[in-house]
S.K.: 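Let me begin by handing over the structure; questions about it come next.
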Amino acid sequence: MSSVARVTEISAISEKSFEDAVRVGIERAGQTLRGLQSAWIKEQEVQLDKSGGITGYKVNMLITFVLE
């Protein structure tokens with residue numbers, strides 16, 4: 001049986017780590033999208049405060065899910 005997938009781009013931020021930002025993003029996508037297949041991390045970004053301290057870890061990712 002053939003299947004068709006769609007890809008959507010999302011961003012997620014964590015105060016802990018890039019890995020946690022990925023987890024947060026995938027968990028949130030799973031609340032809305034069904035049939036999640038994969039996630040490709042497109043970009044990573046560190047957010048800084050005025051003194052240069054890290055305030056957040058941001059990932060932009062492409063989520064692939066199968067259409068029903």
Side-chain angles (χ1 to χ4, degrees):
M1 181 172 171
S2 299
S3 64
V4 176
R6 180 178 175 120
V7 177
T8 189
E9 185 168 355
I10 65 169
S11 295
I13 300 172
S14 168
E15 295 177 353
K16 297 178 187 176
S17 66
F18 287 119
E19 183 177 341
D20 190 56
V22 170
R23 183 188 57 75
V24 167
I26 291 171
E27 286 179 2
R28 177 60 183 89
Q31 293 175 10
T32 306
L33 305 172
R34 292 181 299 278
L36 297 181
Q37 295 293 307
S38 64
W40 177 65
I41 308 309
K42 184 177 174 182
E43 297 174 320
Q44 295 180 325
E45 175 185 335
V46 177
Q47 297 179 328
L48 306 173
D49 61 19
K50 291 181 181 181
S51 64
I54 296 174
T55 60
Y57 300 86
K58 179 180 177 182
V59 293
N60 293 327
M61 63 181 109
L62 299 174
I63 301 285
T64 302
F65 59 99
V66 175
L67 298 176
E68 295 179 345

S.K.: To the nearest 0.5 Å, what is the distance between CD1 (I63) and OG (S38)?
M.R.: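 Going from the CD1 atom of I63 to the OG atom of S38 covers 7.5 Å.
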S.K.: Grouping I, L, V, M, F, W and Y whenever their side-chain heavy atoms are under 4.5 Å apart, do V24 and L33 come out in a common cluster?
M.R.: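 Different hydrophobic clusters.
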S.K.: To the closest 0.5 Å, what do you measure between CD1 (I10) and CZ (R28)?
M.R.: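 Here the rounded value is 9.0 Å.
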S.K.: Under a 4.0 Å threshold between the charged nitrogen and the carboxylate oxygen, would R23 count as salt-bridged to E19?
M.R.: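 No, E19 and R23 are not salt-bridged.
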S.K.: Look up atom CD1 in I13 and atom OH in Y57, then write down how far apart they are to the nearest 0.5 Å.
M.R.: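 Going from the CD1 atom of I13 to the OH atom of Y57 covers 13.0 Å.
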S.K.: Using the side-chain contact (heavy atoms from CB on, under 4.5 Å) rule, take Q37 and V66 through it: C-alpha gap first, then chi angles, then the decisive distance, then the call.
M.R.: CA-CA 7 Å; Q37 295 293 307; V66 175; 3.5 Å; yes
S.K.: Decide side-chain contact (heavy atoms from CB on, under 4.5 Å) for F65 and T8; before the verdict, give the C-alpha distance in whole Å, the side-chain angles of both, and the deciding distance to 0.1 Å.
M.R.: CA-CA 8 Å; F65 59 99; T8 189; 3.9 Å; yes
S.K.: Determine whether E45 and V59 make a side-chain contact, defined as any pair of heavy atoms from C-beta on separated by less than 4.5 Å.
M.R.: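 The answer is no, as the side chains (C-beta and beyond) never meet within the 4.5 Å cut-off.
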S.K.: What distance do S11 atom OG and K42 atom NZ have between them, rounded to the nearest 0.5 Å?
M.R.: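 Spacing of OG (S11) from NZ (K42) equals 9.0 Å.
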S.K.: Taking everything shown except E15 itself, do over 12 heavy atoms lie less than 6.0 Å from its CD?
M.R.: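 Atom CD in E15 is not crowded, with 12 or fewer foreign heavy atoms closer than 6.0 Å.
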S.K.: Treat each ILVMFWY residue as a node, draw an edge where side-chain heavy atoms are under 4.5 Å apart, and state whether W40 and V4 are in one component.
M.R.: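 No: no chain of side-chain contacts under 4.5 Å links W40 to V4.
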S.K.: Rounded to the nearest 0.5 Å, what separation is found between the CD atom of E43 and the NZ atom of K58?
M.R.: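 Between atom CD of E43 and atom NZ of K58 there are 8.5 Å.
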S.K.: If Ile, Leu, Val, Met, Phe, Trp and Tyr residues are connected whenever their side-chain heavy atoms lie under 4.5 Å apart, and connections chain through other members, are V22 and F18 in the same group?
M.R.: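 Same hydrophobic cluster.
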S.K.: Let me check something: do I41 and L36 share a hydrophobic cluster, defined by ILVMFWY side-chain heavy atoms less than 4.5 Å apart, either directly or through other members?
M.R.: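 Yes, one cluster joins them.
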S.K.: Would you say T55's side chain and Q47's backbone share a donor-acceptor pair under 3.5 angstrom?
M.R.: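 It does hold such a pair.
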